[in-house]
Amino acid sequence: MKIDVLTLFPEMFSALDASLMGKAQQKGLLNIACHNIRDYSLDKHKRCDDYPFGGGAGMVMLPQPIHDAISAVDPQHKALRIFMSPKGRTLTQEMVKQLSTHSHLLLLCGHYEGVDQRVLDMDIDMEISIGDYVLSGGELPAMVLIDSVARYVPNVLGNSEATTEESFSDSLLEYPQYTRPQNFLGVTVPDVLVSGNHQQIERWRKQKALELTQQLRPDLLDKTDK
Ligand code: SAH
């Protein structure tokens, strides 16, 4: 999967060089290219923001550098172009799965008070929010999107089962997990998990997933008939 990121702060994306995302990039499963919007500014001081027409607090990102950056990076509009924005559709696991079927994404990260509306109208396909709170820039939201989507790209996760059994995969939260030692400070793991009976283990996990979801996120159960 190819992901082009347009940002004023490309250095923030070094976080994706670590762990799973780092490995996915090294293996060539994920190709993330960060482009500095400032490089496309035609202003002699490379300015990328200005005061809002009509007044008000903060600065607004200029349309020209963004439009030119998008046109250079995705000249034939082959990518799904996404603007990270608190006004967008809130990201869900369903959307993550759907996005992972695209071979090319372009993520635009806003900063300051936001982006001139005209370039969004001209060049952007959809807006995505990572939740009902405001961050200072779209870089962290873009990294959240990339991480969540990349986990569905084939071979990014070592174990292909990992995305099918985890939280939200069937509108349930995941069952509790345990590892060694069997007895930790006097607390033992549930007997069924060391019974070797896979059917019983499966039933126990399903039951626990249901109980946990009922307790912590009953709203998710409205979406499932399980
Ligand atoms: N003034 C804007 C917020 C600007 S925050 C408003 O009230 O709607 C600056 C930038 O951070 C935004 O342009 C967007 O790219 C990013 N951002 C902030 N919160 C976000 C969120 N919850 N999800 C996705 N992007 C967000």
Side-chain angles (χ1 to χ4, degrees), residues 1-16 21 30 32-43 45-74 77 79-102 104-153 167-168 217 219-220:
M1 169 180 262
K2 166 120 176 108
I3 305 180
D4 284 303
V5 180
L6 272 56
T7 169
L8 287 173
F9 300 94
E11 66 277 12
M12 286 179 74
F13 288 82
S14 60
L16 296 175
M21 295 303 109
L30 197 60
I32 305 172
C34 292
H35 309 272
N36 195 334
I37 295 168
R38 204 171 294 286
D39 293 342
Y40 295 87
S41 170
L42 296 177
D43 178 79
H45 303 294
K46 297 277 173 203
R47 207 176 159 163
C48 284
D49 61 314
D50 210 330
Y51 295 98
F53 278 123
M59 304 297 272
V60 176
M61 285 173 74
L62 297 168
Q64 176 274 315
I66 293 176
H67 177 72
D68 286 0
I70 293 177
S71 308
V73 167
D74 180 33
H77 201 156
L80 178 67
R81 299 170 173 180
I82 300 168
F83 174 48
M84 306 313 302
S85 162
K87 297 178 204 160
R89 260 177 76 195
T90 309
L91 191 64
T92 62
Q93 196 72 358
E94 270 316 299
M95 283 162 71
V96 163
K97 258 188 243 180
Q98 213 280 325
L99 290 171
S100 74
T101 64
H102 290 263
H104 189 181
L105 302 177
L106 180 152
L107 308 179
L108 171 63
C109 306
H111 229 91
Y112 317 117
E113 274 312 307
V115 171
D116 186 291
Q117 186 62 39
R118 290 166 295 181
V119 73
L120 300 179
D121 294 340
M122 270 177 219
D123 293 325
I124 292 296
D125 298 317
M126 70 184 295
E127 301 194 8
I128 294 182
S129 162
I130 61 159
D132 287 347
Y133 41 83
V134 177
L135 296 155
S136 52
E139 286 75 13
L140 289 169
M143 284 188 260
V144 167
L145 190 149
I146 291 170
D147 187 296
S148 60
V149 167
R151 298 176 76 254
Y152 281 94
V153 171
S167 295
F168 310 113
R217 291 290 306 275
D219 58 299
L220 293 176

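Counting starts at 1 for both ligands and their atoms, in listed order. The analysis underlying the following values was restricted to heavy atoms, covering all of them including side chains, and did not include hydrogens, waters or symmetry mates.
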- Query: If you measure every N/O of F83 against every N/O of ligand 1, is any gap under 3.5 Å?
  - Reply: no

- With a 4.0 Å cut-off on heavy atoms, is S136 touching ligand 1? yes

- For the side chain of Q64 and the backbone of Y40, is there at least one donor-acceptor N/O pair under 3.5 Å apart? yes

- Are any of the N or O atoms of Y133 closer than 3.5 Å to those of ligand 1? yes

- Nearest protein heavy-atom contact for atom 15 (O) of ligand 1: which residue, which atom, what distance? M84 O, 2.5 Å

- Message: Going by the closest heavy atom to atom 1 (N) of ligand 1, which one wins out of H111, K87, M61, E113?
- Response: E113

- Query: Heavy-atom distance to atom 5 (S) of ligand 1: which of V115, V60, L135 wins?
  - Reply: L135

- Message: Can you name the atoms of ligand 1, numbered from 1 with element, that are less than 4.0 Å from a heavy atom of G137?
- Response: 10 (C), 11 (O), 16 (C), 17 (N)

- V5 vs I146 side-chain heavy atoms within contact, under 4.5 Å: yes

- Task: Verify the neighbour count for atom CZ of R47: are there more than 12 heavy atoms of other residues, nucleotides or ligands below 6.0 Å?
- Result: yes

- Please identify which atoms of ligand 1 are closer than 4.0 Å to at least one heavy atom of G114. 13 (O)

- Specify the protein heavy atom at minimum distance from atom 9 (C) of ligand 1: its residue, its atom name, and the distance to 0.1 Å. Y112 O, 3.2 Å

- Any L120 side-chain heavy atom under 4.5 Å of L108 side chain: yes

- Message: Any heavy-atom pair between the side chains of L106 and L6 that's under 4.5 Å?
- Response: yes

- Under 4.0 angstrom from atom 7 (O) of ligand 1, is there any protein heavy atom? no

- Task: Find out whether L145 and I3 are in side-chain contact, i.e. whether some heavy atom of one side chain is under 4.5 Å from a heavy atom of the other.
- Result: no

- Query: Is I128 close to L99 at the side-chain level, that is, under 4.5 Å between some pair of heavy atoms?
  - Reply: yes

- Query: So, is G110 polar-close to ligand 1, with some N/O to N/O distance under 3.5 Å?
  - Reply: yes

- Task: Run the numbers for me: atoms of ligand 1, each under 4.0 Å from some heavy atom of I128, listed by number.
- Result: 24 (C)

- Task: Could you say whether the N/O atoms of C109 and ligand 1 ever approach to under 3.5 Å?
- Result: no

- Message: For a 4.5 angstrom cut-off between non-hydrogen side-chain atoms, does L8 reach M61?
- Response: yes

- Query: Would you say P141 has any N or O atom under 3.5 Å from an N or O of ligand 1, going by distance alone?
  - Reply: no

- Note on the structure: When distances are taken from atom 23 (N) of ligand 1, the protein heavy atom at minimum range is I130 N, 3.1 Å

- Task: Could you list the atoms of ligand 1 found under 4.0 angstrom from a heavy atom of G131?
- Result: 22 (N)

- Which heavy atom of G88 sits nearest a heavy atom of S129, and at what distance? O-CB, 3.7 Å

- Note on the structure: A student checking ligand 1 against V134 at a 4.0 Å heavy-atom cut-off should list atoms 3 (C), 5 (S), 19 (N)

- Message: If you count every heavy atom of other residues, nucleotides or ligands that lies below 6.0 Å from D121 atom CG, does the total exceed 12?
- Response: yes

- Side chains of R81 and D74: does their closest heavy-atom pair fall under 4.5 Å? yes

- Given G56, G138, S85, which has its nearest heavy atom closest to atom 25 (N) of ligand 1? S85

- Item | Minimum side-chain heavy-atom gap D123-I66 below 4.5 Å | no

- Item | Closest protein heavy atom (residue, atom, distance) for atom 26 (C) of ligand 1 | P86 CD, 3.5 Å

- Query: Counting heavy atoms only, which part of L108 comes closer than 4.0 Å to ligand 1: side chain, backbone, both or neither?
  - Reply: neither

